[in-house]
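Take this structure first; my questions come after.
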Amino acid sequence: MSGDMLESALLETHFDVIPFGIYVVDVATLDVVFVNRHFRDRLGDLAGRKCHEAIYDSPQPCLFCKIRQLVDRDGLPNGKTYIFEHFNDKDDRWYQLQEKSMSWPDGRVVKYSIAVDITELKEVQNRLAEAHAELALKNRELARQNELLQENVRLREHVDRISRHDLKTPLNALVGIPPLLASGYGLNPEGVKLLHMIEDAGITMLNMINRTFDLYRLEAGTYTLEPVPVNLAAVVRKAARDVTADAFFAGRTVRVLCRGHPADEGDCLTVSGEELLCYSMFSNLLRNAVESSPEGGEVTVSLGEEGGEAVVAVTNAGEVPEDVRDRFFEKYVTAGKRDGTGLGTYSALLAARAHGGRAELDTESPGFTTVRVFLPLAGEAAGS
Amino acid sequence: MRALNIMVVDDSNLTIKKMVKMIEDLGHKVVHVARDGRQAAEDYPGIRPDLVTMDITMPDMDGIEATRRILEKDPGAVIVMVTSHGQEQMVMDAIEAGAKGYVLKPVKMEKLAEHLEAVAGKYLP
């Protein structure tokens with residue numbers, strides 16, 4: 001046996017005792033020079049065949065082949081070792097490959113590759129990567145839905161702006177003509193009074209239309225309160241007057257009490273807030289109470305102070321159904337009303353919160369329903 | 001789940017053989033096979049399959065670029081990556097390119113069925 005052959009045999013014996021698959025490839029021809037016992041037992045003797053065909057079943061050299069990085073410009077071993085993971089389609093298993101070039105005893109420059117089966121380890125890693133991909137897909141879907149939602153909100157606001165504009169146009173006549181008629185057409189005092197009522201109703205409606213946009217801002221938390229001292233007694237009295245003036249509620253009574261006695265012009269309960277937002281809040285609650293009252297039932301509004309806060313209690317006969325009580329202030333929740341939108345109590349709660357206050361439902365008294373609104377008194381710090 | 005017309009994109013003969021067998025065993029039909037990204041992008045408009053399984057590492061054009069090109073032509077295309085690349089960046093690149101699913105090799109019948117059903121249920125009529 002020549003020296004080269006002896007050296008080859010020794011090397012091959014060394015490779016054979018290693019318990020991982022090892023294959024040796026001529027870097028110039030890509031011919032398999034040797035496979036160790038571990039590989040031979042599984043794949044047979046592949047010596048003499050092209051490595052990409054024999055090991056990876058690929059007619060062309062593999063895309064991940066590292067041979068070029070393992071030799072210098074002259075094709076000699078450069079001493080570098082490459083370690084990488086690879087999935088082999090042929091046996092459906094993952095390997096960590098450690099590759100290096102060397103001079104084979106017969107003078108050829110070869111690459112040897114040690115393949116450690118890491119399939120079990122990769123299974124866990126791959127599950128994690130798939131979960132990561134799933135999360136990224138869900139995030140993308142959420143972002144898409146969010147974009148759609150925002151687009152819908154923008155569209156709704158746009159339509160609302162147009163509606164408000166369209167509604168306001170005919171109101172200009174309703175608000176603008178009465179003063180002209182009252183001063184220059186010789187009407188008697190009763191006629192002038194009626195005209196002022198028309199003008200007042202027009203202005204109230206104009207304000208209400210202007211306030212509809214506020215609901216969106218209150219919901220979005222973007223409403224900026226500009227608080228000033230507001231006489232709540234006057235606001236509630238006006239809201240009560242306007243609600244009972246509605247033809248739909250003809251014959252209904254709303255009694256306003258301030259600190260226990262019937263409220264009149266001289267009464268004053270000053271809170272820190274915005275008059276129009278307060279008007280809108282109590283107008284909604286009173287309308288709600290009147291609509292929910294049985295025929296002939298009286299609604300009572302009681303204003304007072306409690307623990308440094310202004311408290312307004314709106315009480316009507318009739319009870320809120322049990323299944324609705326927990327959701328009374330939620331959006332679109334309505335019960336027992338003709339044409340109820342379920343927005344009245346919801347927007348009232350938002351308005352109370354915007355003032356740094358709150359609204360609560362009280363169903364303790366059998367046969368009656370009370371909604372209490374708590375607002376900061378003037379001089380107290382208002383919330384968000 | 002209805003039978004789907006599927007296009008398989010992979011440069012490995014072995015993977016193609018395995019994928020075709022599994023897809024057909026699951027009751028779907030392989031309507032076309034492309035062996036690299038460029039061929040996939042070129043062939044897609046004429047085939048219009050319900051779903052594409054796409055390898056990532058391929059000669060000429062990789063699967064991520066092919067996914068982008070197909071989605072440029074058909075924004076509704078449903079492409080599922082079937083790959084051996086589990087690195088975070090590769091996953092993100094594929095999802096950003098518009099892939100609707102990501103399956104790592106080895107692909108077993110049960111796993112493939114699960115992914116096809118999930119993707120078809122979400123994106124196909």
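Proteins come first, then strands; the chains are lettered A, B, ... in the order of their sequence lines, and each starts at number 1. The figures that follow rest on heavy atoms only: side chains count, while hydrogens, waters and symmetry mates do not.
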Short N-O contact, A/E130 and B/K111, less than 4.0 angstrom:
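B/K111 and A/E130: salt-bridged.
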
Engaged part of A/Q125 at the chain B interface, taking heavy atoms whose separation is under 4.5 Å:
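Interface part for A/Q125: neither.
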
Is there any residue in residues 44-51 of chain B with a non-hydrogen atom under 4.5 Å from a non-hydrogen atom of chain A, and which ones are they?
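Answer by number: none.
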
Mark yes when over 12 heavy atoms from residues, nucleotides or ligands other than A/R154 sit less than 6.0 Å from its CZ; otherwise mark no.
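More than 12 within 6.0 Å, yes.
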
What do you reckon, is NZ of A/K90 surrounded by more than 12 foreign heavy atoms closer than 6.0 Å?
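Buried by this count: over 12 neighbours within 6.0 Å.
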
Backbone N/O of B/I95 and side chain of A/R140: donor-acceptor pair under 3.5 Å
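Present.
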
Please flag which part of B/A118 lies under 4.5 Å from any non-hydrogen atom of chain A: side chain, backbone, both or neither.
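B/A118 has no heavy atom closer than 4.5 Å to chain A.
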
Would you check if B/L104 and A/K122 make a side-chain contact, meaning some heavy-atom pair closer than 4.5 Å?
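Result no, sub-4.5 Å side-chain heavy-atom pair not found.
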
Residue pair B/P106 / A/W94, side-chain heavy-atom distance below 4.5 Å:
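Counting from C-beta outward, B/P106 and A/W94 do come under 4.5 Å.
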
Surrounding NZ of A/K80 (heavy atoms of other residues, nucleotides or ligands, distance under 6.0 Å), is the total greater than 12?
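No - once you tally the heavy atoms of other residues, nucleotides and ligands closer than 6.0 Å, there are 12 at most.
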
For A/H132 against B/V91, the heavy-atom pair lying closest together
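Heavy atoms of A/H132 and B/V91 come nearest at CD2-CG1, 4.0 Å.
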
Need one label for B/M92: side chain, backbone, both or neither, based on atoms under 4.5 Å from any heavy atom in chain A.
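Contact with chain A is through the side chain of B/M92 alone.
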
Any idea which of B/A99, B/A94, B/G101 has the most non-hydrogen atom pairs under 4.5 angstrom with chain A?
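Maximum pair count with chain A is reached by B/A99.
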
Where do A/A129 and B/G86 come nearest, in terms of heavy atoms and distance?
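What the structure gives for the nearest pair is CB-O, 3.5 Å.
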
Engaged part of B/K100 at the chain A interface, taking heavy atoms whose separation is under 4.5 Å
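It is both, since atoms from each part get that close.
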
Do other residues, nucleotides or ligands put more than 12 heavy atoms under 6.0 Å from B/Q87 CD?
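Result for CD/B/Q87: enclosed.
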
Ignoring hydrogens, what is the shortest heavy-atom contact between A/L63 and B/P59? Give both atom names and the distance.
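Heavy-atom minimum between the residues: CD1-N, 3.6 Å.
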
Treating A/N126 as the side-chain partner and B/K105 as the backbone partner, does any N or O pair qualify as donor plus acceptor under 3.5 Å?
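Side chain of A/N126 to backbone of B/K105, a donor-acceptor pair under 3.5 Å: yes, one is there.
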
Sort out for me which of B/H85, B/E88, B/K18, B/K122 touches chain A most, counting heavy-atom pairs under 4.5 Å.
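Looking at each of B/H85, B/E88, B/K18, B/K122 in turn, B/K18 comes out on top.
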
What part of A/F64 lies closer than 4.5 angstrom to a heavy atom of chain B: side chain, backbone, both or neither?
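Contact with chain B is absent: no heavy atom of A/F64 under 4.5 Å.
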
